[in-house]
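The block underneath contains the structure these notes are about, expressed in structure tokens.
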Amino acid sequence: MDISQLKLPFNASTMKRPLTSCLAARPLFLPGEAVAPKHAFWKARCLSQTSIRWEDDKPKRVQARPKTESLLENIYGSSQTARGKSSQQPNAMSDLSQSMVFQALNKSNIDTSALSGKPVPPAQAKEDELEPYHFHIFSHKHNTHITCSKPNREPIISMSCGNIGFKKSRRGTFDSAYSLTKYVLERLIHTGWPMKIRRLELVLRGFGQGREAAVKVLMSPEGKVFRDKIVRVADSTRIKFGGTRSEKPRRL
């Protein structure tokens with residue numbers, strides 16, 4: 001501080017005494033005169049009185065928040081946080097109900113009747129969809145084979161004309177096939193299968209003499225028990241499309 005700036009009262013007695021004694025006798029600052037020191041520290045505000053700092057006087061730069069679209073926003077829709085926009089745009093629950101997740105759940109055919117605690121009745125298949133028993137008749141010019149099978153294709157009985165005593169060329173005759181069909185039906189009746197068989201499918205294969213003989217037995221009184229149970233007649237004769245060369249015809 002420069003001493004020349006001090007305002008001391010002019011008095012004749014002060015001029016007679018040295019300068020140091022004058023300074024010690026009187027205060028540096030007179031009452032009513034306040035000299036504010038020109039220092040940068042005094043320009044700062046007290047932190048205890050206010051929370052505003054030097055940064056408040058400067059203009060702030062607001063950085064825009066980057067817009068990022070996540071996978072969940074694409075699936076469930078974006079949520080509306082502003083209350084003012086809720087009246088103009090649908091809220092989050094309406095967006096969620098219209099999302100593709102809820103649309104997929106509404107279309108799903110899920111049976112939730114078991115969750116209610118009620119007993120669920122067992123599913124009963126329609127009678128037309130049930131697989132019937134099968135009665136196969138394979139007849140060719142040398143022999144006749146008859147097989148009766150379950151719906152799962154397990155055989156119940158399978159016999160040919162040779163099993164009932166016919167030999168060589170007699171196995172392919174009409175009489176041998178007729179006798180074989182009667183014998184097979186008698187065996188099935190004796191073992192009690194008519195009580196178990198409710199639906200029967202007749203499968204014919206081949207064009208031998210045994211084809212007509214087996215059909216005549218089923219149309220006769222011997223085949224009345226199984227004739228009423230036949231629901232379908234099928235032909236499974238093999239048909240050749242090209243393939244290898246056939247054998248030469250027999251010449252007599």
Side-chain angles (χ1 to χ4, degrees), residues 109-244 246-247 249-250:
N109 298 326
I110 302 175
D111 187 11
T112 58
S113 59
L115 301 177
S116 60
K118 298 180 181 180
V120 180
Q124 297 180 358
K126 297 181 180 179
E127 188 176 359
D128 296 339
E129 297 178 357
L130 296 176
E131 186 72 17
Y133 286 76
H134 301 88
F135 194 81
H136 296 269
I137 300 174
F138 176 33
S139 175
H140 52 91
K141 63 180 180 179
H142 298 298
N143 203 342
T144 302
H145 305 268
I146 296 178
T147 302
C148 186
S149 62
K150 298 179 181 179
N152 58 356
R153 301 299 194 276
E154 292 183 2
I156 299 174
I157 184 173
S158 179
M159 298 186 68
S160 64
C161 295
N163 298 125
I164 58 176
F166 291 93
K167 302 295 183 181
K168 297 184 180 182
S169 61
R170 294 186 60 192
R171 293 177 296 183
T173 59
F174 182 92
D175 297 336
S176 62
Y178 193 96
S179 301
L180 175 65
T181 307
K182 288 180 59 177
Y183 181 78
V184 171
L185 294 180
E186 290 175 359
R187 289 284 304 271
L188 291 174
I189 295 172
H190 181 72
T191 52
W193 280 103
M195 301 298 296
K196 302 177 183 179
I197 299 174
R198 295 183 179 181
R199 304 172 73 247
L200 183 65
E201 179 182 2
L202 180 63
V203 182
L204 303 175
R205 177 181 172 186
F207 298 100
Q209 296 182 13
R211 181 187 182 106
E212 184 179 355
V215 172
K216 282 189 174 293
V217 174
L218 291 174
M219 297 299 294
S220 64
E222 290 86 353
K224 183 179 179 180
V225 179
F226 293 95
R227 183 173 65 247
D228 299 336
K229 300 178 184 297
I230 296 176
V231 295
R232 184 165 56 213
V233 178
D235 190 0
S236 63
T237 304
R238 306 298 189 261
I239 300 177
K240 181 179 178 181
F241 289 92
T244 58
S246 302
E247 296 181 358
R250 183 182 178 184

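The main-chain N or O of Leu130 is found under 3.5 Å from a side-chain atom of Arg199 such that the two form a donor-acceptor pair.
Scanning both residues, Val225 and Pro194, for their nearest heavy atoms gives CG1-CB, 3.7 Å. Across every non-hydrogen atom of Glu201 and Ala234, the tightest pair is OE2-CB, 3.7 Å. The minimum heavy-atom distance between Ala213 and Ala177, with the atom names listed, is CB-CB, 3.8 Å. Nearest heavy atom pair, residue Gly206 against residue Arg211, reads O-NH1, 2.7 Å. Considering every non-hydrogen atom in both Tyr133 and Ser149, the closest pair reads CD2-O, 3.5 Å. Of all non-hydrogen atoms in Gly223 and Leu185, the two that sit nearest each other are CA-CD1, 4.0 Å.
Annotation: Lys216, atom NZ; neighbour count of heavy atoms from other residues, nucleotides and ligands within 6.0 Å does not exceed 12.
Donor-acceptor pairing under 3.5 Å is recorded for the side chains of Lys240 and Ser246. At a cut-off of 3.5 Å, with distance as the only test, a side-chain donor of Asp235 or Thr237 sits close to an acceptor on the other residue.
To the nearest 0.5 Å, atoms CG (Leu180) and CD1 (Ile146) are separated by 4.0 Å. Between Ser169 atom OG and Asn143 atom CG the span is 11.5 Å, to the nearest 0.5 Å. Remark: Ser158 OG to Asn163 CG distance equals 8.0 Å, nearest 0.5 Å. Taking CE of Met159 as the start and OG1 of Thr147 as the end, the distance is 10.5 Å to the nearest 0.5 Å.
Applying the side-chain contact (heavy atoms from CB on, under 4.5 Å) test between Phe135 and each of Ile156, Leu204, Ile197, Val184 identifies Val184 as the sole match.
Contact of the Lys150 side chain with the Lys196 side chain is not registered, since no non-hydrogen atoms from C-beta on lie closer than 4.5 Å. Residues Phe166 and Ser179 have side chains in contact (heavy-atom distance under 4.5 Å, counting atoms from C-beta outward). In this structure, Thr144 and Ser139 have side chains that are in contact, with non-hydrogen atoms separated by less than 4.5 Å. The shortest distance between side-chain heavy atoms of Ser176 and Arg170 does not fall below 4.5 Å.
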- With side-chain contact (heavy atoms from CB on, under 4.5 Å) as the test, would you mind laying out the steps for Arg153 and His134 before giving the verdict? CA-CA 8 Å; Arg153 301 299 194 276; His134 301 88; 2.9 Å; yes
- Step by step, work out the side-chain contact (heavy atoms from CB on, under 4.5 Å) result for Phe226 and Ile189. CA-CA 9 Å; Phe226 293 95; Ile189 295 172; 3.7 Å; yes
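The aromatic ring centres of His145 and His136 sit 6.0 Å or more apart.
A cation-pi arrangement is present between Arg205 and Phe138 under the rule of less than 6.0 angstrom and at most 45 degrees off the ring axis.
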